Amino acid sequence: MQHSASSKIKLLRFLHSIFTTSERAAEQNCLSLLQLCNSLPKLTQLHARLVKVGLHANPLVLTKFTSVSSDLNAIHYASSVIFSPEATPHYYDTFLFNTVFKAYAETDNFKHSAIHYYSVMLSYGIRPNKYTYPFVLKACAGIADLRLGQTVHGLVVRLGFSYDTHVLNTTVHMYCSCKNGIVFGEKLFDEMPKCEPVCWSVMIGGYVRWGMSREAVSLFRRMQIAGVKPDEFTMVMVLSACTDMGALELGRWVESYMEKEKIEKTSQLCNALIDMYAKCADIDKALRLFRNMSESKRTTVSWTSMIVGMAMHGRGLDAISLFEEMRRAGVAPDDVAFIGLLNACRHSALVKEGKRYFDSMINDFGIVPRIEHYGCMVDLLSRAGQVKEAMEFVHRMPIEPNPVIWRTLITACRVQGELNLGERMTKDLIANEPMHESNYVLLSNIYAKMLNWEMKTTVREVMGKKGISKVPGSTMIELDDGIYEFVAGDKSHSQYKKTYDMVDEMEKEMKRAGYVTKTTEVLLDIDEEDKEGALNRHSEKLAIAFALLKTPRGTTIRIVKNLRVCADCHSATKFISKIYNREIVVRDRNRFHHFKDGLCSCKDFW
DNA sequence: CCAATCACGA
């Protein structure tokens with residue numbers, strides 16, 4: 001009997017070991033098969049097999065299944081399996097949920113799903129761990145939901161994960177991604193240990209995101225003083241700040257700093273450099289960098305940066321050749337590349353080419369046009385004087401036109417003299433978007449063209465009564481001793497007296513040369529008698545006057561405006577370039593204007 | 001299964 005019992009146990013052990021070994025072998029087999037799945041059909045096939053061999057409820061296999069499905073841009077497939085009505089929660093674990101969060105946190109437009117499944121996780125009583133929160137916070141950052149982020153942050157503190165540096169850094173990132181959240185980000189940043197570059201990069205990036213580029217640069221200086229070595233992420237953020245401000249000299253310094261510090265030139269960092277040079281007016285340097293980039297590093301982003309750069313400089317044909325070269329190189333253009341290309345056609349009035357590429361985008365590349373693509377086309381047709389075609393185009397659009405498109409059409413109506421139509425469209429627009437300043441400006445301009453001064457005045461009064469806020473025009477200029485910013489009518493500057501004297505002198509010289517003020521461009525809330533004075537205080541005129549005072553004769557003046565340059569300033573700058581014999585390079589919200597000898601590179605088309 | 005980058009748009 002004794003002998004028999006012991007044999008039985010041995011037999012059981014033997015059978016058990018065979019069973020687990022074979023299950024483990026099957027598991028391993030599935031994991032390696034999953035690793036090889038590089039298409040959705042292969043994955044669905046394998047899934048069928050998992051069900052057949054009974055591994056569909058194995059947590060490890062399911063986790064791998066999830067990450068593979070996410071890599072194939074099919075996370076919905078995995079979650080439909082994991083969270084199907086037949087699914088049983090006994091195989092749910094933290095690891096599996098984290099993989100789901102990661103997938104959704106990294107997918108655009110599905111950050112909400114990460115939050116949703118996070119609450120599902122909690123409802124099943126599955127405990128989050130320190131890997132959970134970077135994903136959940138990233139999702140909060142993606143939807144810029146400050147209150148949700150604060151709730152999650154509170155939980156992080158209560159669960160004791162707030163000492164983990166990854167969690168901390170992502171929390172700062174979350175705050176820096178929400179409106180009004182940046183102060184919380186700053187506070188957390190100030191309190192946390194800062195010996196690694198990651199948190200510095202996050203905070204610098206937060207400043208750049210909100211247009212606080214000077215704060216970004218000064219934080220970078222603090223980082224250097226603190227003795228923390230910047231990495232390639234940090235340098236990308238600092239270059240973004242330079243790009244935003246049009247600070248070419250600072251950008252050049254950053255490039256030499258990178259070389260001195262031997263910071264690895266990743267693809268992203270090269271792209272950031274190319275973008276910086278293109279947007280800081282040195283498009284040829286951008287092109288040289290692009291040409292020197294190894295083929296393997298040249299991504300769609302690199303090509304797009306160059307195409308966008310050419311577009312902004314009004315070099316539409318160069319943008320088109322780059323696009324064709326990109327195709328030949330076998331790099332797939334995406335929706336953003338096409339926005340760049342269509343913009344290039346727009347800024348160079350290449351109507352035929354624009355139409356052809358728009359159709360090609362849909363038919364040859366299978367890209368579904370976004371509202372921005374339609375916007376490009378509407379603008380392209382309108383500026384070519386084809387208002388009817390533009391209207392028809394808008395009516396044929398499968399998506400609802402946005403205010404940007406309406407404003408484009410309305411401007412075209414005004415230019416082409418379709419004033420009644422323009423008035424009606426503007427009124428509809430104001431009914432939908434009553435707090436948007438430029439809608440009132442459009443209406444006022446239409447009344448001005450109708451010579452209906454009474455209605456124009458009424459519009460101005462309504463604006464004042466409703467308290468419509470204006471985006472203040474500002475102009476930046478980089479000189480040897482730093483970066484200066486001017487706003488319209490600015491008197492805060494230490495040398496403003498000299499600057500205003502110079503503006504007056506410029507005015508006299510321009511009038512002598514035949515310049516006439518274009519008063520229709522004046523801001524609406526300024527008294528009639530002060531129209532001319534107000535135009536002279538537009539920020540770009542202040543910046544140019546300041547530059548004429550502070551820079552040596554004959555040197556090029558480069559300025560950056562946050563809005564589009566107005567017709568009066570455009571005309572004035574042409575005169576100034578001739579009178580003072582200076583090349584003046586203006587970057588406005590849309591593109592570059594190179595003024596030289598009384599002419600502009602945009603050929604007055606912008 | 002853990003952190004932060006680049007191209008458009010506004």
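Side chains included, hydrogens not; waters and symmetry mates left out as well; all remaining heavy atoms used. Keep in mind it's a predicted model, so treat the numbers as computed, not measured. Quick note on labels: first sequence line is chain A, next is B, and so on, each numbered from 1.
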Using a 4.0 Å heavy-atom cut-off, does A/Val167 contact any base of the nucleic acid, only the sugar-phosphate backbone, or nothing at all? nothing
Rounded to whole Å, CE of A/Met174 lies from C1' of B/dA3 at a distance of 13 Å
Are there more than 12 heavy atoms of other residues, nucleotides or ligands under 6.0 Å from atom CZ of A/Arg356? yes
note: A/Asn562, atom CG; B/dG9, atom P; distance rounded to Å ~ 15 Å
Separation of A/His313 atom NE2 from B/dA7 atom C1', in whole Å? 15 Å
Consider the side chain of A/Gln268, meaning its heavy atoms from C-beta on, and name the nucleotide among B/dA3, B/dT5, B/dG9 that approaches it most closely. B/dT5
Assess the side chains of A/Asn590 and A/His347: does a donor N or O sit below 3.5 Å from an acceptor N or O? no
Scan A/Asp164 against the nucleic acid and name what it touches under 4.0 Å (heavy atoms): base, sugar-phosphate only, or nothing. base
Side-chain contact check for A/His166: nearest option of B/dA3, B/dA10, B/dC1 is B/dA3
Taking 4.0 Å as the cut-off, does a side-chain nitrogen or oxygen of A/His173 come that near to OP1 or OP2 on B/dT5? yes
In whole angstrom, give the distance that lies between atom OH of A/Tyr104 and atom C1' of B/dC1. 16 Å
Scan for ring pair (Phe, Tyr, Trp, His ring centres under 6.0 Å) pairs involving residues 266-320 of chain A, sequence neighbours excluded, and state none if there are none. A/Phe290-A/Trp303, A/His313-A/Phe592, A/His313-A/His594
In whole Å, what is the span from the CE atom of A/Met203 to the P atom of B/dA3? 20 Å
May I ask you to verify if any side-chain N or O of A/Lys102 is less than 4.0 angstrom from the OP1 or OP2 atom of B/dC2? yes
At under 4.0 Å, does any side-chain N or O of A/Asn343 touch on OP1 or OP2 of B/dG9? yes
In terms of side-chain heavy atoms of A/Ile339, which of B/dG9, B/dA7, B/dT5 is nearest? B/dG9
If you check the A/Asn402 side chain, which of B/dA4, B/dA7, B/dA10 turns out closest? B/dA10
Under 4.0 Å between any heavy atoms, over every strand shown, what does A/Lys64 touch: base, sugar-phosphate, or nothing? Just pick one. nothing
Atom OH of A/Tyr131 to atom P of B/dC1: distance rounded to whole Å? 9 Å
Spacing between A/Phe338 atom CZ and B/dA7 atom C1', to the nearest angstrom: 15 Å
Is any side-chain heavy atom of A/Tyr104 closer than 4.5 Å to one of A/His116? no
Under 4.0 Å, heavy atoms only, any strand: does A/Val198 hit a base, just the sugar-phosphate, or nothing? base
In whole angstrom, what separates A/Glu372's CD from B/dA7's C1'? 13 Å
Of the nucleotides B/dC6, B/dC8, B/dC1, which one has an atom closest to the side chain of A/Met237? B/dC6
Answer with base, sugar-phosphate or nothing: what part of the nucleic acid does A/Val202 contact at a heavy-atom distance below 4.0 Å? sugar-phosphate
Around atom OH of A/Tyr163, are there more than 12 heavy atoms of other residues, nucleotides or ligands at under 6.0 Å? no
Which part of the nucleic acid does A/Phe101 contact within heavy-atom distance under 4.0 Å: base, sugar-phosphate only, or nothing? nothing
Does NZ belonging to A/Lys229 count more than 12 external heavy atoms closer than 6.0 Å? yes
